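Note that these values count all heavy atoms, side chains included, but never hydrogens, waters or copies made by symmetry. Letters A, B, ... are given to chains in the order of the sequence lines, protein chains preceding strands, and every chain is numbered from 1. Because the structure is a prediction, the values reported are computed rather than measured.
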Amino acid sequence: MDPYGYGPRLDPDPKSMGGVPSSSQSDINQLLDQILCITDQTLDEAQVRKHTLNCHRMKPALFEVLCQIKEKTVLSQRHGEQEDVPDPQLARLDNMLVAEGVAGPEKGRGDQAASTAAAASASGQPETTVEHVDYKNKLSEIRSIYHLEFEKYEQACNEFTTHVMNLLREQSRTRPITAKEIERMVRIVHQKFLSIQGQLKQSTCEAIMILRSRFLDTRRKRRNFSKKATEVLNEYFYSHLANPYPSEEAKEELARKCNITVSQVSNWFGNKRIRYKKNISKAQEEANGYTGKPTMQSQHLEDYGLMLPPPSEWNDFHHTPSPHLHSPDHWPAEHHQIDPGLRDDKDGRSLTR
DNA sequence: ATTTATGATTGACG
DNA sequence: CGTCAATCATAAAT
């Protein structure tokens with residue numbers, strides 16, 4: 001109660017005011033009346049009254065009384081105060097933001113990812129690294145938004161704080177306000193704004209999580225290889241149709257050329273073999289008498305120089321460019337392991353994780 | 001909105 | 001391990 005520190009009314013026993021002559025008693029009552037009905041007056045009127053009150057000779061004394069009373073009540077009021085709560089939740093959010101490079105030192109900013117992308121495309125192959133690049137792109141987008149909002153809130157907080165302080169200072173001319181009170185008020189304001197920033201952090205974290213699941217979780221958000229990469233792969237495939245099993249070195253070479261990983265090359269060839277075979281048996285098996293362009297289905301193989309040997313000729317090991325091969329209806333499942341010793345796969349057998 | 005193309009994953013096999 | 005075959009999940013095409 002009495003949050004403004006006016007304290008109890010003075011009127012019950014005006015005589016208690018020390019040696020004040022009884023002639024001033026009516027003075028005081030008059031004064032109090034004026035104060036009490038001050039809200040009934042218009043603003044201009046009130047300003048005038050306020051000024052006269054301020055200049056009243058009794059004002060300092062009354063103010064002093066107010067201060068004393070407040071001093072007493074405040075003492076009993078200073079209790080149910082709990083200090084700032086550490087809030088482990090917020091700490092976790094902060095940790096995550098720092099770990100993700102969103103909070104903390106502001107490095108790179110928006111143009112960093114863009115320049116990385118430019119470098120990648122300039123160097124020739126804007127592929128697999130692409131996914132990292134636009135991951136970073138999105139991340140820095142989030143980061144800039146985060147910082148923008150953060151600064152906005154900080155600024156708003158400062159503005160509001162100074163406003164409140166000015167208000168309190170202004171009011172301290174007419175009612176007693178201790179420095180501690182101001183400090184407390186400021187702390188409350190800061191706390192409120194901190195909680196808002198906490199929400200900002202939370203939603204930022206959520207955005208990052210979504211981004212992660214969208215980009216880093218392979219198999220989701222699949223990106224097709226670039227035109228050039230598939231061309232290179234197809235070229236190798238169709239020029240080694242007789243034995244489309246690239247060695248480890250060949251895979252590395254292809255991976256380098258296409259700017260994809262060796263695992264991706266393996267995946268590609270695995271898919272290609274099985275799907276090529278499927279298409280052959282489906283649409284081309286009958287139409288294979290020709291050596292030219294057997295079917296519309298076989299997508300412009302002409303582009304890759306070598307023509308597809310019809311399935312019946314896969315058995316033909318006469319002209320096999322590769323070491324061994326005799327394939328029944330399809331390629332042999334027998335595979336040679338070339339030097340199982342050195343393996344430098346950094347990512348196991350796929351990009352996952 | 002539905003279908004096709006395609007990169008990645010999974011389990012079986014040797 | 002590397003491969004096949006089936007399957008998943010999405011990108012691209014219709």
Are A:Glu231 and A:Lys228 ion-paired here, with the side-chain N under 4.0 Å from a carboxylate O?
no
Distance check needed: C:dT7 P versus A:Ile274 CD1, whole Å only.
12 Å
In whole Å, what is the span from the NZ atom of A:Lys272 to the P atom of C:dG2?
22 Å
Basic-acidic side-chain contact under 4.0 Å: A:Glu149, A:Lys152
yes
Mind calculating the distance between CZ (A:Arg223) and P (B:dA5) to the nearest angstrom?
20 Å
In whole angstroms, the gap separating P of C:dT3 from CZ of A:Arg275 amounts to 16 Å
Nucleotide C:dT10, atom C1' - distance to CG of A:Asn271 in whole Å
14 Å
Say whether, by atom type as modelled, one donor and one acceptor occur between the side chain of A:Glu151 and the main chain of A:Leu148 under 3.5 angstrom.
no
Integer-rounded Å distance: B:dT10 P and A:Asn267 CG:
11 Å
Rounded to whole angstroms, how far apart are NZ on A:Lys278 and P on B:dA5?
13 Å
Does a nitrogen or oxygen in the side chain of A:Gln264 sit under 4.0 Å from OP1 or OP2 of B:dA8?
yes
Nucleotide C:dA13, atom P - distance to CZ of A:Arg222 in whole Å:
12 Å
Which nucleotide sits closest to the side chain of A:Lys251: C:dG2, B:dG7, C:dC4?
C:dG2
With respect to the phosphate group of B:dA5, does any side-chain polar atom (N or O) of A:Tyr276 fall under 4.0 Å of OP1 or OP2?
no
Honestly, is A:Arg273 close enough over A:Phe237, meaning NZ or CZ under 6.0 Å from the six-membered ring centre and within 45° of the axis?
no
